[in-house]
Protein chains: 2
Amino acid sequence: MSKNLSKNQLRRLPEYLTLLRNLKQNGIKYISCQTIADCLNLNKELVRKDIAAVSSYDGVPNKGRDIVLLIKDFEKILGYDSSHNAVLVGVGSLGKALLCYDGFSTYGLKIVGAFDRNPELIGRTINDIHIYDSRRMFGTLSTLNANIGIICVPSGFAQEVANDLVDSGIEAIWNFAPTKIEVKKDVILSNMDMATSLAVLSHQLYLKKNKRKEN
Amino acid sequence: MSKNLSKNQLRRLPEYLTLLRNLKQNGIKYISCQTIADCLNLNKELVRKDIAAVSSYDGVPNKGRDIVLLIKDFEKILGYDSSHNAVLVGVGSLGKALLCYDGFSTYGLKIVGAFDRNPELIGRTINDIHIYDSRRMFGTLSTLNANIGIICVPSGFAQEVANDLVDSGIEAIWNFAPTKIEVKKDVILSNMDMATSLAVLSHQLYLKKNKRKEN
DNA sequence: AATTAATCGGTAAAAAATTACTGAATTATG
DNA sequence: CATAATTCAGTAATTTTTTACCGATTAATT
């Protein structure tokens, strides 16, 4: 079980995990790399490599791997086993949506508090999550025991909020604002980039349109 | 200007575009690949390749490229120039958030209608976007002139909704539901995958934690 | 007007990722 | 109990992506 996963590999892991969880739901006990590859339309050798990098034990010939153990390996590598506490900053439309979104627990994420600077929101509760004054982040954060900060403020404030989070001792930032932010390199940063996701789709529409013109 | 962009390239394009738009805001007129590389912490040769694949004209030595023209090239390749009309299906917490989100126009996307099957929502309007009965998708969709469908329903209904959208003649699907959906191959599909984004972050937290243990 | 400095595009080299292959091991089947 | 069918791990080959290099070109400077 190596720990040096490439970025591409890391992108595939959640797909495997989703599939495995589904299969387990359907009563499957053992799973082979070949089967996974077929399900996800991937090359079987690629899957073999990925699984080998994640799995803590060898597969069984003509049988595959115990799906329960494999899921555990994935969850461990992805850090989904030990639940992470997160705080969300910026209770606007997107922020509210995320507070109400109940799917995060699947990924071992729990939102334990929110911050905003709007007096009308401070003190209120959304989906049992308390909203604190973002100007008092430093003190509040330490009591919440959170190590992930979710940024949902408008682009113009994202960097400022990131700085505050870092100053308050956060370890990782998940940025939903459509802008680049910079943090010192021992802080982990992941961008939830709608632009990128949309770009893939939009570019293909562009190609399709041009193809039509040609004909 | 080639049109065969690799997936990695496609992922970088929105970053370039965001940067270029920012620079333009700040009054920059000309931009070189070197500068772009420096700003984004990328290899300059890589940037050169990417720009060459997108730009419709050559750069000027010792000067760079006209930033306005370059932005236009990006917007064209990404399909952001001709505005795409989209409909959103599933006006739950996330769906509402997206309806209220005003950043899509930056990407040439306009939500022209929404669908839900909840009678309390049907007929209402959110952010000037009308909510229609999702059971009457087929007829309604044709009047809205939309070619992108945004799926925001719970996982269990995502495939069903995708089928309805395809049957109603949609060209592309942007899936926000945390599940895999399948469509016939002439329909474009892009997943807005929070799991993937979170995985990157979560895995690094895992590595960090293990490192601490070692010491 | 000549020189300098910086950029470009194209090609070549290096690195990384993916795919293919091979032999050994194990379960299931006849 | 032997055979056949799968699967696995590890290595090798291929493809793709990224990085480096080089001569030509052009704007700015003197």
Side-chain angles (χ1 to χ4, degrees), chain A residues 1-16 19-20 23 28-71 73-74 77 196 199-200 203, chain B residues 1-16 19-20 23 28-71 73-74 77 196 199-200 203:
Chain A
M1 176 168 68
S2 140
K3 269 150 203 168
N4 286 332
L5 296 161
S6 78
K7 244 185 181 174
N8 284 350
Q9 278 184 304
L10 217 37
R11 266 195 276 262
R12 286 189 293 266
L13 297 197
E15 291 204 39
Y16 294 134
L19 174 71
L20 291 173
L23 292 173
I28 307 288
K29 302 281 184 204
Y30 287 87
I31 185 78
S32 74
C33 294
Q34 174 79 68
T35 311
I36 294 175
D38 290 345
C39 290
L40 298 176
N41 280 318
L42 293 173
N43 180 286
K44 68 176 171 165
E45 318 291 349
L46 180 67
V47 174
R48 213 183 290 295
K49 291 273 151 62
D50 289 344
I51 301 284
V54 167
S55 181
S56 55
Y57 58 98
D58 287 0
V60 180
N62 207 25
K63 200 171 174 195
R65 282 183 167 83
D66 183 317
I67 201 165
V68 175
L69 293 176
L70 190 54
I71 288 175
D73 280 335
F74 270 96
I77 293 283
T196 306
V200 175
H203 174 67
Chain B
M1 176 169 66
S2 140
K3 270 149 202 166
N4 286 333
L5 295 161
S6 79
K7 248 188 179 170
N8 284 348
Q9 278 184 305
L10 217 37
R11 266 195 277 263
R12 285 189 294 266
L13 298 197
E15 293 204 37
Y16 294 134
L19 174 70
L20 291 174
L23 293 173
I28 307 288
K29 303 281 182 204
Y30 287 88
I31 185 78
S32 74
C33 293
Q34 175 78 68
T35 311
I36 294 175
D38 290 345
C39 290
L40 298 176
N41 279 318
L42 294 173
N43 180 287
K44 68 175 173 169
E45 319 290 350
L46 179 65
V47 174
R48 213 183 292 294
K49 291 273 151 63
D50 290 344
I51 301 285
V54 166
S55 180
S56 54
Y57 59 99
D58 286 2
V60 180
N62 207 23
K63 200 169 175 197
R65 283 183 166 83
D66 183 317
I67 202 165
V68 175
L69 294 176
L70 189 53
I71 287 175
D73 280 336
F74 270 97
I77 294 283
T196 307
V200 175
H203 173 66

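In what follows, every chain begins at residue 1, and chains take the letters A, B, ... in the order their sequences are listed. Values in this document were obtained by computation on a predicted structure and should not be read as measured data.
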Inset, instruction - Verify the contact: side-chain N or O of N8(B) to OP1 or OP2 of dT18(D), cut-off strictly under 4.0 Å; return yes or no. - result: yes
Inset, instruction - Specify the separation, in whole Å, of atom NZ of K7(A) and atom P of dT16(D). - result: 22 Å
Inset, instruction - Could you check how far NZ of K44(B) sits from P of dT19(D), rounded to whole Å? - result: 12 Å
Inset, instruction - Tell me, please, which residues at least two apart from V47(B) pass side chain to side chain contact (heavy atoms under 4.5 Å, CB included). - result: Y16(B), C33(B), I36(B), A37(B), L42(B), I51(B)
Legend entry - N or O in side chain of R12(A) less than 4.0 angstrom from dT18(C) OP1/OP2: yes
Legend entry - Rounded interatomic separation in angstrom, taking CD from Q9(A) and P from dT19(C): 13 Å
Inset, instruction - Measure the distance from CG on L46(B) to P on dA15(C) and round it to the nearest whole Å. - result: 16 Å
Inset, instruction - Heavy atoms only: give me the nearest L70(B)-Y57(B) pair and the separation to one decimal. - result: N-OH, 3.6 Å
Inset, instruction - Starting at atom CG of N43(A), determine the distance to atom C1' of dT15(D), rounded to an integer number of angstrom. - result: 12 Å
Legend entry - salt bridge (Lys or Arg N to Asp or Glu O under 4.0 Å) contacts touching residues 51-66 of chain B (sequence neighbours left out): none
Inset, instruction - Rounded off to whole Å, could you give me the CG-to-P distance for the D38(A) and dT6(D) pair? - result: 13 Å
Inset, instruction - Check the distance between dT7(C)'s C1' and I36(B)'s CD1 and give it to me in whole angstrom. - result: 13 Å
Please enumerate all protein N or O atoms sitting under 3.5 Å from an N or O of nucleotides 8-12 of chain D, with distances to 0.1 Å.
| residue | atom | partner | partner atom | Å |
| --- | --- | --- | --- | --- |
| dC8(D) | OP1 | C33(A) | N | 3.4 |
| dC8(D) | OP2 | R48(A) | NH1 | 2.8 |
| dA9(D) | OP1 | G59(A) | N | 3.3 |
| dA9(D) | OP1 | R65(A) | NH2 | 3.0 |
| dT11(D) | O4 | K49(A) | NZ | 3.0 |

Legend entry - Length of the CG-P vector between L5(A) and dA17(C), whole Å: 11 Å
Inset, instruction - Only pairs at least two apart or in different chains count here, so list each salt bridge (Lys or Arg N to Asp or Glu O under 4.0 Å) that has a residue in residues 7-16 of chain A. - result: R12(A)-D50(A), E15(A)-K180(B)
Legend entry - Qualifying salt bridge (Lys or Arg N to Asp or Glu O under 4.0 Å) pairs, either residue in residues 35-47 of chain B, two or more places apart: E45(B)-R48(B)
Legend entry - Non-neighbouring partners of T35(A) that pass side-chain hydrogen bond (donor to acceptor under 3.5 Å, both in side chains), sequence neighbours left out: S32(A)
